[in-house]
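Written out below as structure tokens is the structure these notes cover.
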2 protein chains.
Amino acid sequence: MKIATYNVNGVNGRLPVLLRWLQEAQPDVVCLQELKAPQERFPLKEINDAGYNAIWHGQKSWNGVAILSKGYEITEVQRALPGDPEDIQSRYIEAIIDQIVICCLYLPNGNPYPGPKFEYKLAWIDRLKKRTDELIKMDLPAVIIGDFNIIPTPFDVHKPERWENDALYRIEVRKAFEKMLKKGWLDSIRTLFPEEKIYTFWDYLYKAYDRDAGIRLDHVLLSPYLSSRLKSGGVDRHVRGWEKSSDHAPVWIELEKEGKQ
Amino acid sequence: MKIATYNVNGVNGRLPVLLRWLQEAQPDVVCLQELKAPQERFPLKEINDAGYNAIWHGQKSWNGVAILSKGYEITEVQRALPGDPEDIQSRYIEAIIDQIVICCLYLPNGNPYPGPKFEYKLAWIDRLKKRTDELIKMDLPAVIIGDFNIIPTPFDVHKPERWENDALYRIEVRKAFEKMLKKGWLDSIRTLFPEEKIYTFWDYLYKAYDRDAGIRLDHVLLSPYLSSRLKSGGVDRHVRGWEKSSDHAPVWIELEKEGKQ
DNA sequence: GAGGTAAGAG
DNA sequence: CTCTTACCTC
């Protein structure tokens with residue numbers, strides 16, 4: 001089973017690129033972030049025509065997340081991260097697909113630091129921690145996947161020294177990410193490529209992609225139960241070079257069939 | 001000599017379509033309207049690369065007119081319709097190309113009727129009348145060409161009864177157009193196709209092009225001196241069906257070489 | 001730089 | 001509907 005994440009930065013503007021990539025990569029499950037479309041303007045018809053069914057949680061202008069699947073039924077579990085009924089931003093959607101809990105997230109950016117947006121990010125991470133601790137405790141096969149807006153280590157950024165006070169790299173969020181891993185979640189891409197520079201995002205500005213001035217923000221975390229099934233993975237970084245591409249590249253992993261292990 | 005007019009509705013957004021049509025139609029002279037670009041953002045390089053030189057009068061957001069020519073020198077005569085120094089809208093540019101006076105215009109829309117915009121339209125037509133009377137008096141070979149925003153007759157609109165109080169069809173502007181023809185100007189497209197329904201504009205709304213709910217707004221008027229050289233003409237209406245097309249279609253005529261008559 | 005929104009014009 | 005500008009976010 002191939003599971004992917006792609007921050008599309010506008011699902012309608014990105015549709016040609018998204019469909020081209022789906023056709024090429026043929027993932028079984030795709031988590032999308034930054035739909036930037038209200039619920040009723042999700043391009044379901046075109047997604048269906050490409051062979052995918054979908055659930056999504058839209059929002060006008062910002063955020064918005066979706067889970068797509070080809071050939072597997074999608075059973076929605078929830079469309080909000082528990083812990084704050086006041087939080088109306090569409091950043092989390094959770095479903096069960098082929099007996100696996102898929103948690104698709106678009107974690108707050110948090111800039112500027114310091115400030116209320118950074119505080120919101122920390123609070124959001126706390127709530128995520130509670131949810132993911134539960135999943136671990138319940139011993140479920142689960143995937144936490146999406147745009148974390150967290151650069152996990154100095155090795156995951158072109159010039160670490162420039163990022164010290166950026167919300168994507170602040171020590172608080174790196175520590176929180178590390179704490180999740182300590183609980184048992186596997187950073188699958190880093191595990192597969194322990195020594196390689198791997199980026200998933202290159203800014204539109206300053207020809208960041210041409211200079212490979214990127215950062216690693218999009219992650220696929222596997223619960224202990226699933227970790228042994230990790231077969232392969234990667235970043236489709238060439239997609240970032242396509243015409244009218246998102247500033248993120250798709251990230252994917254492949255899991256061994258359950259019977260095989 | 002093939003002379004064309006095309007209301008592009010944004011010269012920068014329309015560039016792929018414009019270049020494709022230029023390549024296909026190979027006009028010698030092209031009058032453009034609704035550049036919707038300030039003077040410094042006219043895409044001269046791309047126009048030059050397509051083999052055309054150009055003069056233009058831009059304006060931020062609205063209006064804007066240009067004259068393009070392939071292989072002929074363009075001698076600019078004026079870039080404003082005489083008669084009102086207060087009028088700063090870029091709606092008129094005049095040049096001599098191959099001994100012919102080319103008057104490229106984007107006549108005010110004039111809606112809503114009644115109101116100051118309609119009054120401005122009538123005043124603009126008055127000034128145009130003065131200028132074109134002069135050209136007739138001087139016996140010059142001249143072409144008045146562009147988007148007149150005038151539906152000349154009931155035969156030039158899908159459903160005339162719906163347009164009685166529209167500034168494009170108001171009796172005042174139709175009368176004014178008729179008066180120009182009486183002075184000696186030849187409505188070349190109508191002359192070539194006296195019996196046919198001919199439209200040059202189809203609204204973006206309500207699938208107007210699919211329903212062929214169009215109107216005839218773009219005209220090519222020939223001075224008496226030139227009328228005998230009229231060889232052929234037409235509307236490239238298929239261009240209106242292209243992806244990302246303008247709401248207008250290009251209109252063109254072909255003149256016999258001067259020696260030939 | 002490139003998405004989104006909104007208003008104004010057509 | 002589809003242009004434009006100006007603004008906001010990342």
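In what follows, every chain begins at residue 1, and chains take the letters A, B, ... in the order their sequences are listed.
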Test side-chain hydrogen bond (donor to acceptor under 3.5 Å, both in side chains) applied to B:Tyr206 - qualifying residues, sequence neighbours left out: none
Going 5' to 3' along DNA chain D, which are the first and last nucleotides with any atom under 4.0 Å from a heavy atom of chain B? D:dC1 to D:dA6
Just the table, please: protein N/O against nucleotides 7-10 of chain C N/O, every pair under 3.5 Å.
unit_1	atom_1	unit_2	atom_2	d
C:dG10	O3'	B:Asn109	ND2	2.1

Could you give the CD-to-P distance, from A:Glu243 to C:dG1, as a whole number of Å? 15 Å
CG of A:Asp210 versus P of C:dG1: gap in Å, rounded? 12 Å
Whether A:Arg41 contacts C:dT5 is assessed here as follows: a side-chain N or O lying under 4.0 Å from the phosphate OP1 or OP2. Is that the case? yes
Taking only N and O in the side chain of A:Lys244, is any of them less than 4.0 Å away from OP1 or OP2 of C:dG3? yes
Quick one: which residue pairs count as a salt bridge (Lys or Arg N to Asp or Glu O under 4.0 Å) with a foot in residues 200-217 of chain A, not counting sequence neighbours? A:Asp156-A:Arg216, A:Asp187-A:Arg216, A:Asp212-A:Arg237
For residues 238-247 of chain B, pull every pair meeting salt bridge (Lys or Arg N to Asp or Glu O under 4.0 Å), keeping only residues two or more places apart or in separate chains. none
Of all residues at least two apart in sequence or in a different chain, which pass the salt bridge (charged side-chain N to carboxylate O under 4.0 Å, His left out) check with [X]?
| X | answer |
| --- | --- |
| B:Glu94 | B:Arg131 |
| A:Lys60 | none |
| A:Glu24 | none |

Under 3.5 Å, which donor-acceptor pairs link side chains of residues 113-120 of chain A to any protein atom two or more places apart or in another chain?
unit_1	atom_1	unit_2	atom_2	d
A:Tyr113	OH	A:Arg170	NH2	3.0
A:Tyr120	OH	A:Asp87	OD1	2.9
A:Tyr120	OH	A:Asp87	OD2	3.0

When you match A:Ser61 and A:Lys207 each to their closest nucleotide on DNA chain C, which lands nearer the 5' end? A:Lys207
For the residue pair B:Phe177 and B:His219, does the interplanar ring angle fall in the parallel (under 30°), tilted (30 to 60°) or perpendicular (over 60°) class? tilted
